[in-house]
Amino acid sequence: MGFIILDTLYIILPKKYPVKNITKHLLLAGFSFFALASCSDKGTETKQPPKVAEQQVSKPVVKAPDFNADSAYSYIDQQVAFGPRVPNTKEHEACGDYLIATLKRLGAEVTVQEFEATAFDGTKLQLRNIVGSFRPDLKKRVLLAAHWDTRPFSDQEKDPEADLKKPIDGANDGASGVGILMEVGRSIQSDLKNLNVGVDLMFFDGEDYGEPEFYEGVSQVRDSYCLGSQYWANNRHVAGYHAYYGILLDMAGGKGAHFYQEGVSLQFAPTIVKKVWDQGHALGYGEFFVRQPTYPITDDHVYVNRSGIPMIDIIDHDPASDSFFGHYWHTHKDNMEVIDKKTLKAVGQTLLGVLYSE
Ligand code: AHN
Ligand code: ZN
């Protein structure tokens with residue numbers, strides 16, 4: 001079995017790795033489990049449940065507030081209404097201001113981290129990571145994250161005539177995670193007395209400014225995605241900040257979503273994966289929370305994990321599909337039509353169940 005080495009030291013894939021059309025930047029490797037899993041013919045190995053999923057016990061359902069999917073939907077709709085939230089545009093700035101004002105209105109303590117980051121093509125981006133903290137007095141904290149920027153390109157459009165340089169709405173890729181978390185914040189603010197952990201909502205900026213395949217210049221940065229989380233990994237919003245664990249939402253609100261157990265999450269935070277998937281199943285959302293492992297994905301949680309906080313990623317993807325992600329991914333189909341309140345409810349209620357069982 002031969003190995004190909006792509007891009008960086010982190011990426012070591014067996015030749016038969018079923019990469020298909022996934023950007024090489026998507027996959028991290030060096031995980032022996034996944035290297036083994038892809039030694040024989042594609043597809044079949046991922047159907048085997050991993051060790052971590054073997055003994056499943058459904059936890060008793062705790063008394064958590066009811067997650068309001070209509071309200072989460074409205075938080076998504078309001079972000080999309082600004083237009084694409086591409087860094088260095090007025091739409092991006094206005095939406096950031098809206099998120100800060102909304103968190104404050106909900107009673108969170110808000111910290112804004114402003115910084116400049118260099119994009120793949122050398123453009124200097126003015127970015128803001130936005131943090132809303134609930135129960136800032138508590139030492140034991142859970143970090144819930146999503147990215148609030150949207151991709152400047154529609155580079156996964158399949159039509160050869162399509163202009164790949166048009167930005168997308170990013171209803172699911174970006175806005176859905178933020179909308180769900182905003183509603184989680186609103187729910188916990190209404191029931192603070194039963195909550196035994198502090199909760200930080202982190203809205204990362206600059207996640208989706210990654211180098212597109214059509215770019216022909218020289219890459220100006222090594223890791224072009226996840227600029228906000230990379231900055232935060234080296235510069236905490238509060239000195240000495242720590243969370244007991246973290247949960248990232250990415251493309252978490254789409255119709256018929258499947259949340260497989262993603263590779264980086266399983267490597268760094270297997271007990272958190274189990275906790276969340278068990279909670280999802282106990283609440284009756286087993287069709288969304290699929291207990292099967294999949295490949296590692298480069299996303300904001302990678303940098304959070306490397307900086308010492310175990311974080312999982314709840315991300316809609318499908319190892320058997322052509323693009324690995326939904327049909328809408330990085331296309332103009334990623335608009336409000338792909339958002340489904342059933343998925344918002346499943347994810348939001350599961351998060352509340354997890355938080356209120358701490
Ligand atoms: C890449 O496409 C490199 N990673 C998937 C993370 C992502 C992009 N999430 C949303 N957009
Ligand atoms: Zn994206």
Side-chain angles (χ1 to χ4, degrees), residues 6-8 10-11 13 19-29 76 79-80 84-87 92 119-120 125 145-157 164-181 202-215 219 221-230 247-254 257-260 262-265 294-306 311-319 321-335 338-339 347:
L6 297 173
D7 217 43
T8 73
Y10 304 107
I11 302 178
L13 305 174
V19 192
K20 295 188 183 168
N21 299 334
I22 314 167
T23 23
K24 62 187 177 185
H25 300 280
L26 182 76
L27 300 168
L28 293 157
I76 300 167
Q79 291 171 77
V80 171
R85 281 80 67 215
V86 173
H92 178 258
F120 63 92
L125 304 175
H147 74 91
W148 71 272
D149 63 303
T150 52
R151 185 141 182 84
F153 320 112
S154 45
D155 47 331
Q156 294 292 327
E157 285 289 348
L164 306 184
K165 291 184 181 156
K166 278 208 185 127
I168 60 170
D169 277 358
N172 203 21
D173 192 355
S176 67
V178 171
I180 293 169
L181 294 188
M202 165 63 84
F203 301 147
F204 283 126
D205 204 352
E207 189 273 348
D208 233 344
Y209 217 104
E211 181 176 324
E213 272 176 34
F214 61 68
Y215 179 64
S219 305
V221 288
R222 201 185 83 144
D223 292 2
S224 59
Y225 282 89
C226 307
L227 300 173
S229 52
Q230 290 189 62
I247 301 174
L248 175 67
L249 303 185
D250 196 358
M251 299 186 271
H258 288 117
F259 305 119
Y260 289 86
E262 177 274 338
V264 175
S265 311
T294 56
Y295 312 111
I297 296 173
T298 298
D299 207 343
D300 289 321
H301 67 318
V302 168
Y303 304 94
V304 175
N305 275 307
R306 286 191 195 156
M311 179 180 258
I312 66 161
D313 194 4
I314 300 180
I315 179 166
D316 179 17
H317 63 289
D318 177 0
S321 86
D322 272 356
S323 77
F324 200 69
F325 296 117
H327 67 284
Y328 55 83
W329 181 59
H330 292 179
T331 75
H332 298 298
K333 290 214 168 62
D334 186 356
N335 57 36
V338 304
I339 301 299
V347 174

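Whatever order the structure lists them in is the order used to number ligands and atoms, beginning at 1.
- Side-chain N/O atoms of His301 and Asp250 include no donor and acceptor closer than 3.5 Å.
- The proximity of Arg151 to ligand 1, defined as any non-hydrogen pair under 4.0 Å, does not occur for either the backbone or the side chain.
- Residue Thr298 holds the heavy atom nearest to atom 4 (N) of ligand 1 of all those in Thr298, Asp300, Asp334.
- Side-chain atoms of Val304 and Leu248, non-hydrogen and from C-beta on, never get closer than 4.5 Å to each other.
- Among the backbone and side-chain atoms of Glu207, no N/O/S atom is found under 2.8 Å from the Zn ion (ligand 2).
- Between His92 and Trp148, the two ring planes are parallel [angle under 30°; tilted spans 30° to 60°].
- Using a cut-off of 2.8 Å, one finds that Asp208 contributes an N/O/S atom close to the Zn ion (ligand 2).
- For Tyr328, the side-chain hydrogen bond (donor to acceptor under 3.5 Å, both in side chains) partners are Asn172, Asp316, not counting sequence neighbours.
- For atom 10 (C) of ligand 1, the choice among Asp316, Asp299, Asp173 with the nearest heavy atom turns out to be Asp173.
- Selection from Asp250, Asp208, Asp149 by nearest heavy atom to atom 9 (N) of ligand 1 gives Asp250.
- Close approach of ligand 1 to Trp329 (heavy-atom distance below 4.0 Å) involves ligand atoms 2 (O), 11 (N).
- Between Tyr260 and His317, the ring center distance clears the sub-6.0 Å criterion.
- Pro167 is not listed as a side-chain neighbour of Thr150, based on a closest heavy-atom distance of 4.5 Å or more.
- The name of the N, O or S atom in Asp173 nearest to the Zn ion (ligand 2) is OD2.
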